[in-house]
Structures are given as structure tokens and as C-alpha cells.
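Let me give you the structure first, and then I'll get to my questions.
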Amino acid sequence: MRCLSLLLCSTMGCAAAAPTPTATPVAEAPLPSPLPAGRWAAERTERTSCIDCPSPRVAVVLATGSLEEVTAQPWSDLGPGYPMLVADGELGLSLGAEVGVVAGLYADEGEGEAVALRLGGRSVTLVDDPPLGETSIVTTTDRVEAKLEPNGATACVVEAGRHVVLRRSELVRRADETWWVPVTCGDEPAFVPVTSTDLDRTTLLRDGRVRTIQPISGVCGLLFYRERREGSDGQWSERELSSDPSCVAELDPSDQWAVCPEDGLESCVQRASRIGDRDPRHAERLMSYACRFGNLEGCTRLVAMNADRGLGLLWGWCHGEHLDSCERLDAALRATDPATLEGHAGGLELYACERGLEPWCERLDASDVCDRQGCG
């Protein structure tokens, strides 16, 4: 019997004698990367900071509640700009609570659902054209001195990570200066510059380095932005960007924001044409960028996507005495029904009427500020 036991052990192996195999842990697949953090998806085409970005369809929401409830617990770093606090209604999100904690914005609904499942959150659908101006917003401050009044004496020092819920109508701005966010120092009202908060700050990753873009001031319809870039040495550099050189009629076609895939505005136009109906807002962002920085073919194609924006930009170039843009504008005006425009009648209609386009004259007649003799 002993021989039989030995034989079985030698030919089949004995479970009691065999070493127990060590289980190898299976590494979880990396989470899909979210879209850049910020409120850029709700911004108007002409002022967005995320030009070549797919439009988000879902947001992964980790928690909702009052501002005090969602900020009472620490949240893990989920990548540059995330998690992001948003108010109910921001980005078109119906949260059912005052504030939500967003782990990421995603263009692909499947990716959003996968991330939500992994992180224990839920995937919430965004509306197609999310509101921006009428909703409450949440902003988070850097460490900054608060002023008794904009550019006034210091009231107190606001620590980093302070959260403020407000409406955009509560922002304060003097002509041609930066916006100021109302805060409190104790019970006293005070203000901090918007550049010391994450309000309208878009956070992107490019070549593994963080890049932020944030509007800082504006004049005559022209916005100025501050771009900050993280260098390979960890140091930060800054530069100022403008939103629209046509404000001063400088037709110098160039990819000033370094957006276009092949460093040329024509490549932005081609890319927008390929995207087309799959993501019309993304395509419009690209086409508008190409148009406002000097690609007139982009202007012509933009008219078909957004007549108000495209005609307005072409008129700006024509007003700057760029003859090719005037020819394109005349053709676009003849092909556009002015009744489809959303804006109020003004200088563009006056120009069209002077060119003998009677439908535009009729629109001008209904204007409160302009007639066939002029505006004012």
C-alpha cells in the first residue's frame, strides 16, 4: 500500500506536498482620459478656450449636495483641473442639488459610463447647447489678497481652496479691466481678481504638460486671455492671447493659439469639414477660429454653420478694407435670408442695404437703432 501511495505521488503529484501558487494581481486598465476641465463647452464659439476639443456629451458626477456637504470630504486628484465643482444647471447638468463634484467630461458616452462605474459615480448627460450666463456657478480661489474694492486696499488674505457660489451678474468689472469676484472677509464684502480663481479657466494637457487659458479683460468686443504653460523643468511661463484680431482689422493669417493640427489655419478648415455633422459645435469652433485669425475660406464656410458669426467676421474684415473679404461677404449676403439671423440689425444690414439688397433693407427698417441713413 505504501508503494502504491509513492507511485501515485510520483506520477500525479501530491496536493499536500505541492507549493501553493501565488496569485498574480491583475492591473486595472487605465481610465479613459477626460476632456479638458473647465466651462468651455458652454462658452460662445468666439470666446471658447478649448477650440479643437470634441463636444462633451456626459459628465461623471461623483457626489451632489450642498456646497458644505461636498467640500467636507477630500477628493482624490483625478488629473489636471479635476475634480471640478459645478452648480446645478451649469453645463446643462441637472443635478437635483446645489453643487456637484465632476470627475471628468467625456465625448464618448461609453467611456463616461465606464469611468463612473470604476469610480462609484454616475454618468449624467449634458444638453446640446448648455447655458452659461443665467446659471449659478462655483469658483475656487487660489491664495490671494482680497480687496475692499477692486484695486483698493487689502481687506484680508483668502486661502487657497475657498469656494464661492454666485451668478455671473454678480461679477464686477471696470472698463477694460479684469473681472472681480465678490467674497467676504469676515462679514465684510471684498473682491478677488478672477485670475486668482478657476472661473472660466480651461485646463489642458499638451505633450504631457499642463496648459491653462483664462480670459482676463476685454474691450470693444475683443477679449484678452492669459495662457500659462508648464515647462519641462517644472517652471511656468505666461503670455497674453487675444480673441479676435479683426477688431483692429489686422489680416495676418496665422495660428496664433497653436491650435491647428499642422500649424496652419487651412488645416483647421479641413479638419472642421471632416468633423461636420458628427460634432457640429466642434466643427464650428475650428472654423470660427480659422476665420477670425485670417482664413477667409473659413469665414465663407462658417456662414453655413452660423450665419450671425460668419457674416459678422466677414464684415469686420471687409470693414478693414480687405477686398477679398468684401467679395466673399457680398456673395454670402445674397445667399442668406436675413430673417434667419438672431442678432439685432445694425451696421451689417446698413452695408447690405447700401449694396442694393432689399431684403436687408427691410430688416434695417425694423431696427430700433439703425435706418437707411445710418446708425446711432
Side-chain angles (χ1 to χ4, degrees), residues 43-49 51-52 215 217-225 240-260 262-273 280-338 340-357 359-361 363-364 367 369-370 374-376:
E43 292 170 345
R44 298 189 305 274
T45 299
E46 64 269 23
R47 71 181 300 269
T48 185
S49 302
I51 297 157
D52 191 12
S217 62
V219 58
C220 81
L222 178 67
L223 280 175
F224 293 98
Y225 297 76
E240 188 176 275
L241 299 169
S242 67
S243 67
D244 195 342
S246 67
C247 179
V248 290
E250 295 176 355
L251 183 57
D252 179 23
S254 61
D255 186 10
Q256 297 184 25
W257 286 43
V259 169
C260 300
E262 297 170 10
D263 298 324
L265 296 175
E266 179 59 32
S267 65
C268 266
V269 174
Q270 294 171 353
R271 179 165 168 74
S273 299
R281 288 181 64 84
H282 183 188
E284 185 181 321
R285 284 192 288 271
L286 281 168
M287 208 71 85
S288 178
Y289 174 79
C291 174
R292 60 192 161 105
F293 282 97
N295 185 288
L296 298 181
E297 177 60 24
C299 296
T300 298
R301 299 193 187 188
L302 177 62
V303 173
M305 297 180 174
N306 184 327
D308 287 83
R309 180 63 177 154
L311 291 172
L313 283 172
L314 270 175
W315 183 58
W317 292 126
C318 179
H319 200 62
E321 299 182 356
H322 300 289
L323 296 183
D324 187 22
S325 63
C326 294
E327 294 173 0
R328 290 177 179 272
L329 176 60
D330 290 348
L333 288 169
R334 287 192 295 270
T336 303
D337 179 359
T340 62
L341 300 187
E342 296 180 1
H344 299 291
L348 174 65
E349 284 78 3
L350 182 60
Y351 168 87
C353 185
E354 290 173 346
R355 308 292 284 182
L357 303 178
W360 292 87
C361 296
R363 177 176 169 84
L364 195 62
S367 172
V369 294
C370 299
C375 299

* To do: Could I get the full list of salt bridge (charged side-chain N to carboxylate O under 4.0 Å, His left out) partners for R334, not counting sequence neighbours?
  =>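 Checked R334 against salt bridge (charged side-chain N to carboxylate O under 4.0 Å, His left out); zero matches.
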* **CG on D330 to OH on Y351, rounded to 0.5 Å** =>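 Output value for this atom pair is 3.5 Å.
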* Would you say the side-chain atoms of W317 pair up with the backbone N or O of C291, donor to acceptor, closer than 3.5 Å? ->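 Pair found, side chain donor or acceptor close to backbone of C291.
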* Rounded distance (nearest 0.5 Å) linking atom OG of S288 with atom CG of L313 ->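 Reported to 0.5 Å precision, the distance equals 5.5 Å.
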* **Derivation and outcome, side chain to side chain contact (heavy atoms under 4.5 Å, CB included), residues L311 and L341** => CA-CA 10 Å; L311 291 172; L341 300 187; 4.2 Å; yes
* Asked: Any salt bridge (charged side-chain N to carboxylate O under 4.0 Å, His left out) pairs touching residues 281-290, not counting sequence neighbours?
  ->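 Qualifying pairs: D129-R281.
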* Begin from the C-alpha positions of H319 and C326 and carry the test side chain to side chain contact (heavy atoms under 4.5 Å, CB included) through to its verdict. => CA-CA 8 Å; H319 200 62; C326 294; over 6 Å; no
* Asked: Any idea which heavy atoms bring T336 and A307 closest together, and the distance?
  -> CG2-CB, 4.3 Å
* Quick one: pull up CG in D255 and CG in L265 and give me the separation to the nearest 0.5 Å. => 5.5 Å
* Asked: Would a distance-only check, ignoring hydrogens and angles, find a side-chain to backbone donor-acceptor pair under 3.5 Å from R309 to L302?
  -> no
* List for me each residue that meets side-chain hydrogen bond (donor to acceptor under 3.5 Å, both in side chains) alongside Y225, sequence neighbours excluded, and say none if there are none. =>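 Y225 satisfies side-chain hydrogen bond (donor to acceptor under 3.5 Å, both in side chains) with no other residue.
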* To do: Give, for atom CG of L348 and atom CH2 of W315, the distance between the pair rounded to the nearest 0.5 Å.
  =>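 Those atoms lie 6.5 Å apart.
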* To do: Could you list the residues that satisfy side-chain contact (heavy atoms from CB on, under 4.5 Å) with L364, not counting sequence neighbours?
  =>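 Listed in chain order: E349, L350, C353, C370, R372.
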* **Closest approach of W257 to S49 (non-hydrogen atoms, all atoms of both residues)** =>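 Scanning both residues, the minimum pair turns out to be CZ3-CA, 4.2 Å.
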* Asked: Can you name the side-chain hydrogen bond (donor to acceptor under 3.5 Å, both in side chains) partners of D324, sequence neighbours left out?
  ->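 Here no residue qualifies.
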* Asked: Please walk me through it: do C268 and M287 pass side chain to side chain contact (heavy atoms under 4.5 Å, CB included)?
  -> CA-CA 7 Å; C268 266; M287 208 71 85; over 6 Å; no
* Gap between atom CG of L296 and atom SG of C318 - 0.5 Å precision -> 10.5 Å
* Asked: So, for L314 and V303, which heavy atoms are closest and what is the spacing to 0.1 Å?
  ->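 The answer is CD1-CG2, 4.1 Å.
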* **Reported CD-to-OG1 distance for the pair E327 and T300, which is rounded to 0.5 angstrom** =>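 Here the interatomic distance stands at 10.5 Å.
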* **Residues forming a side-chain contact (heavy atoms from CB on, under 4.5 Å) with E240, sequence neighbours excluded** =>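 Listed in chain order: I216, F224.
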* To do: Grab the two heavy atoms, one from G294 and one from P253, that are nearest each other, plus how far apart they are.
  =>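 Result for this residue pair: O-CG, 3.5 Å.
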* Asked: Who pairs with S267 by side-chain contact (heavy atoms from CB on, under 4.5 Å), at least two apart in sequence or on another chain?
  -> C260, P261, E262
* Atom of Y289, atom of A258 and distance for their closest heavy-atom approach ->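 Here Y289 and A258 meet closest at OH-N, 3.9 Å.
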* **Nearest non-hydrogen partners of G298 and V269, listed with the distance** => CA-CG2, 3.9 Å
* Check side-chain hydrogen bond (donor to acceptor under 3.5 Å, both in side chains) between D52 and all other residues, then give those that pass, not counting sequence neighbours. => R271, H282
* To do: Could you tell me which residues satisfy side-chain contact (heavy atoms from CB on, under 4.5 Å) with E297, sequence neighbours excluded, listed by chain and number?
  => N295, R301, R328
